[in-house]
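Here is the structure we will look at, set down as structure tokens.
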Number of protein chains: 2
Amino acid sequence: MSSVLTKTKPSRAIAPQSWLDTIIKGDCVAALEALPDHSVDMIFADPPYNLQLGGALHRPDQSLVDAVDDEWDQFASFEAYDAFTRAWLLACRRVLKPTGTLWVIGSYHNIFRVGATLQDLHFWILNDIVWRKTNPMPNFKGRRFQNAHETLIWAAPNAKHKGYTFNYDALKAANDDVQMRSDWLFPICSGSERLKDENGQKAHPTQKPEALLARILMASTKPGDIVLDPFFGSGTTGAVAKRLGRHFVGVEREQAYIDAATRRIAAVEPLGKATLSVLTGKKAEPRVAFNVLVESDMIKPGTVLTDARRRHSAIVRADGTLASGGEAGSIHRLGARVQGLDACNGWTFWHYEDEGALKPIDVLRAKVRAGLEKLA
Amino acid sequence: MSSVLTKTKPSRAIAPQSWLDTIIKGDCVAALEALPDHSVDMIFADPPYNLQLGGALHRPDQSLVDAVDDEWDQFASFEAYDAFTRAWLLACRRVLKPTGTLWVIGSYHNIFRVGATLQDLHFWILNDIVWRKTNPMPNFKGRRFQNAHETLIWAAPNAKHKGYTFNYDALKAANDDVQMRSDWLFPICSGSERLKDENGQKAHPTQKPEALLARILMASTKPGDIVLDPFFGSGTTGAVAKRLGRHFVGVEREQAYIDAATRRIAAVEPLGKATLSVLTGKKAEPRVAFNVLVESDMIKPGTVLTDARRRHSAIVRADGTLASGGEAGSIHRLGARVQGLDACNGWTFWHYEDEGALKPIDVLRAKVRAGLEKLA
DNA sequence: TCAGAATCTGAATCTCCTC
DNA sequence: TGAGGAGATTCAGATTCTG
């Protein structure tokens with residue numbers, strides 16, 4: 001078995017493989033037989049999540065949520081899903097170089113099973129990474145926390161090889177000179193980035209954002225490396241790989257996805273090296289909610305807040321709400337209520353007493369923010 | 001060490017259990033035999049993750065260990081850890097009420113195994129929650145991302161029971177009126193909150209911050225509920241439970257931890273009852289039928305109701321139903337019918353005219369409810 | 001043409017009570 | 001225990017509509 005490609009040199013010029021920068025049609029495990037042992041530098045896998053949906057879900061405005069109910073996401077049992085997971089992980093490890101690494105993305109429906117299977121197969125977990133979504137779908141029924149993140153696992157094929165690629169210094173430099181954390185913030189893939197079919201509908205139900213793949217590729221590959229995506233879908237991995245000067249190999253079962261991905265990748269312009277670091281930058285100002293002050297004991301439950309002229313007062317409750325005269329609600333709602341207004345900025349309206357002086361609670365929020373500024 | 005808070009239901013206050021607000025010494029599974037079936041409302045578990053796997057996971061010079069023996073050790077360790085996990089999860093489920101929920105915290109070393117085991121045992125995962133640390137330990141060797149979070153799993157004992165406690169409205173109000181997400185931001189436990197032993201060393205290696213437990217308890221329990229912590233350690237769960245007017249039961253093997261936790265909890269001052277009431281939303285309001293408004297003459301039979309834009313209209317009949325275009329039915333059914341939808345909240349859809357302005361009939365329901373409150 | 005309002009949408013294990 | 005009815009429930013951002 002041969003691994004002809006070298007990592008740092010422009011391998012394409014030396015000995016291009018027939019499968020390089022192509023999409024292989026077929027089932028993941030069977031299709032990977034076309035690749036030699038130890039032939040790829042990195043694997044990004046976005047396997048089916050095995051969502052177990054009940055009936056139809058409607059938004060509060062009665063519109064129907066377009067759920068991921070595709071055939072490829074259906075499994076008969078956890079055992080069936082585990083067998084599927086073992087099979088593709090083993091096939092992937094065969095084609096992965098010993099110095100390569102594997103990324104898998106999932107949600108709580110499947111990621112625990114994938115992680116445990118990885119460990120059972122003696123993959124070596126390097127990190128779990130949290131993709132925090134800036135704009136996740138809400139929980140419409142108010143029965144759970146808003147499911148606002150997905151989880152990635154980054155693993156080496158075994159515990160022994162420590163020679164995997166990790167561009168620590170580049171990531172740190174791009175991250176304002178502090179080391180990159182395990183929680184990342186990105187928007188979901190929408191707008192013009194989202195691939196549409198001929199009817200203007202989304203071409204793939206679970207297209208991942210290019211920014212996410214860009215950070216992964218920038219972190220764990222070098223220019224010229226070969227990246228395998230065994231569940232190629234809409235081809236985000238291929239598009240980003242081409243743009244960042246990496247090679248790709250995709251495996252995909254459905255012709256419609258192959259066609260869409262092929263067109264997409266053909267339109268990608270490779271970027272010059274100088275532009276790349278921009279992609280790993282951070283964004284977004286931390287929002288601080290009132291209950292953070294209560295939970296962190298900056299405002300104790302039972303504290304009495306007033307407006308600047310002490311005309312109104314309210315008591316802070318342990319759940320992070322205010323109560324006054326039989327009414328209760330958020331700092332904003334109750335501020336509006338006591339004044340008989342429709343709206344109110346509770347942060348500037350409500351005051352606490354500090355050394356005899358009244359100060360808006362916004363002062364405390366500013367303190368928290370100052371402590372959080374280090375974070376993205 | 002008992003707190004005498006009563007719950008909304010009288011039964012528990014009448015016959016307090018001997019184990020209530022105590023720490024049971026012993027191994028988790030054996031000690032839980034002291035508790036009856038279905039006796040606790042919530043469980044928070046911070047299980048050990050390096051007990052079985054410590055050597056394999058944390059030894060710095062893996063490459064020097066014989067590969068075959070090393071793999072065998074790992075495999076044996078994972079199996080042992082899984083058996084341990086199954087055992088304590090089953091013991092916990094027996095003592096958990098069917099309407100209760102279970103929280104487990106862990107890192108990538110163990111959380112995938114715990115999550116998969118939960119699913120194997122048919123626990124029903126409600127959310128995975130990410131605790132983002134404001135001040136995590138850096139990665140010193142620069143070979144991985146900074147491990148800046150831990151993962152919690154929130155689960156019901158099975159898929160059927162949907163009656164678990166989730167204080168959605170309180171969380172939302174405390175979070176500046178947007179629903180609480182699955183990613184939480186807290187500092188690690190340090191400074192004066194961190195328990196020290198007589199030598200000034202940290203009393204427990206993995207003490208959790210009280211703010212984290214406070215959010216968990218505020219989200220998934222009510223005042224007076226019983227919270228079990230099968231790996232009690234330094235007693236954060238007990239301390240926060242006492243402060244927030246919840247009961248606790250702890251299980252702990254090491255006498256040193258029991259002593260430290262006992263002293264810690266004894267020093268906790270419970271919050272006053274007034275600060276502990278939990279904000280509830282419309283779901284908790286008493287039900288008012290539409291015909292009450294008709295019978296009390298707040299809406300006269302023959303009144304014409306419309307939607308907010310006067311696109312649809314219907315006439316109120318004396319029996320408390322609406323009629324429109326030959327159709328008749330409840331305010332909800334007819335609201336759905338005229339819009340061609342499956343469902344509709346008639347209280348917010350239908351409007352009546354008051355001094356030239358359209359107001360939702362929900363305004364009238366609120367008046368009825370206000371009147372009912374005086375009677376109570 | 002522009003500004004503001006209205007509509008649409010995203011990997012979702014999403015109600016509760018009564019008969 | 002299953003069916004049916006009451007009625008509660010959403011955030012951010014892109015796109016389309018309207019005046």
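Here is the naming used below: chain letters follow the sequence lines, and residue numbers restart at 1 for every chain. Keep in mind it's a predicted model, so treat the numbers as computed, not measured.
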Those residues at least two apart in sequence (or on a different chain) that pass side-chain hydrogen bond (donor to acceptor under 3.5 Å, both in side chains) with B:Asp354 are B:Lys359
Here the side-chain hydrogen bond (donor to acceptor under 3.5 Å, both in side chains) pairs for residues 151-171 of chain B, sequence neighbours left out, are B:Thr101-B:Trp154, B:Tyr168-B:Gln179
So side-chain hydrogen bond (donor to acceptor under 3.5 Å, both in side chains) across residues 186-199 of chain A, not counting sequence neighbours, yields none
In short, salt bridge (Lys or Arg N to Asp or Glu O under 4.0 Å) pairs touching residues 67-88 of chain A with sequence neighbours left out are A:Glu71-A:Arg253, A:Asp82-A:Arg113
Length of the [atom1]-[atom2] vector between [X] and [N], whole Å:
X        : N      : atom1 : atom2 : answer
B:Asn127 : C:dC14 : CG    : P     : 11 Å
A:Leu195 : C:dA11 : CG    : P     : 13 Å
B:Gln179 : C:dC14 : CD    : P     : 15 Å

Contacted region of DNA chain D by chain B, from 5' end to 3' end of the hits, cut-off under 4.0 Å to heavy atoms, spans D:dG5 to D:dC11
With [X] as the cation and [Y] as the aromatic partner, state whether NZ or CZ is under 6.0 Å from the six-membered ring centre and within 45° of the axis.
X        : Y        : result
A:Arg365 : A:Trp347 : yes
B:Arg132 : B:Trp184 : no
B:Arg93  : B:Phe123 : yes

Base, sugar-phosphate alone, or nothing: which one does [X] contact when heavy atoms must sit under 4.0 Å apart?
X        : answer
B:Ala343 : base
A:Gln207 : nothing
A:Lys208 : base
A:Asp46  : base
A:Ser107 : nothing
B:Leu126 : nothing
B:Gly335 : nothing
A:Pro47  : base

| message | Could you check whether A:Asp46 pairs with A:Lys208 (Lys NZ or Arg NE/NH1/NH2 to Asp/Glu carboxylate O, under 4.0 Å)? | response | yes
Self-check item: Sidechain N-carboxylate O distance under 4.0 Å for A:Glu150, A:Lys133
Solution: yes
Listing for DNA chain D: consecutive Watson-Crick or G-U pair runs of at least 3, distance cutoff 3.5 Å, ranges ordered by first number, gives C:2-10 with D:11-19, C:15-19 with D:2-6
Under 6.0 Å between ring centres: does that hold for A:Phe84 and A:Phe75? yes
Ranking A:Lys196 and A:Asn139 by the position along DNA chain D of their nearest nucleotide, the one closer to 5' is A:Asn139
Whichever of A:Ser192 and B:Asp177 has the more 5' nearest nucleotide on DNA chain D, that residue is B:Asp177
Using the [atom1] atom as the reference point in each nucleotide, state the distance between [N] and [M] in Å, no decimals.
N      : M      : atom1 : value
C:dA12 : D:dG5  : C1'   : 24 Å
D:dA6  : C:dA11 : P     : 35 Å
C:dT1  : D:dC17 : C1'   : 14 Å
C:dG10 : D:dA8  : P     : 28 Å

Taking only nitrogen or oxygen atoms into account, show me every contact under 3.5 Å that the protein makes with nucleotides 15-19 of chain C, one pair per line with its distance.
unit_1	atom_1	unit_2	atom_2	d
C:dT15	OP1	B:Lys162	NZ	2.9
C:dC16	OP1	A:Arg143	NE	3.3
C:dC16	OP1	A:Arg143	NH2	3.4
C:dC16	OP2	B:Lys162	O	3.1

- prompt: Would you say A:Leu228 and A:Phe44 make side-chain contact, with heavy atoms under 4.5 Å?
  reply: no
Every protein N/O within reach of nucleotides 7-10 of chain C N/O, cut-off under 3.5 Å:
unit_1	atom_1	unit_2	atom_2	d
C:dG10	OP2	A:Lys202	NZ	2.7
C:dG10	O5'	A:Lys202	NZ	3.3
C:dG10	N7	A:Arg59	NH2	2.6
C:dG10	O6	A:Arg59	NE	3.0
C:dG10	N2	A:Pro136	O	3.3

Using distance only, find each side-chain donor-acceptor pair of residues 309-318 of chain B under 3.5 Å and give its atom names and separation, not counting sequence neighbours.
unit_1	atom_1	unit_2	atom_2	d
B:Arg310	NH1	B:Glu353	OE1	3.3
B:Arg317	NE	B:Thr321	OG1	3.0
B:Arg317	NH2	B:Thr321	OG1	3.2

My understanding is that only residues two or more places apart in sequence, or in another chain, count here; which of them pass side-chain contact (heavy atoms from CB on, under 4.5 Å) with [X]?
X        : value
A:Ala56  : A:His58, A:Leu64
B:Glu285 : B:Arg369
A:Asp259 : A:Gln255, A:Arg263

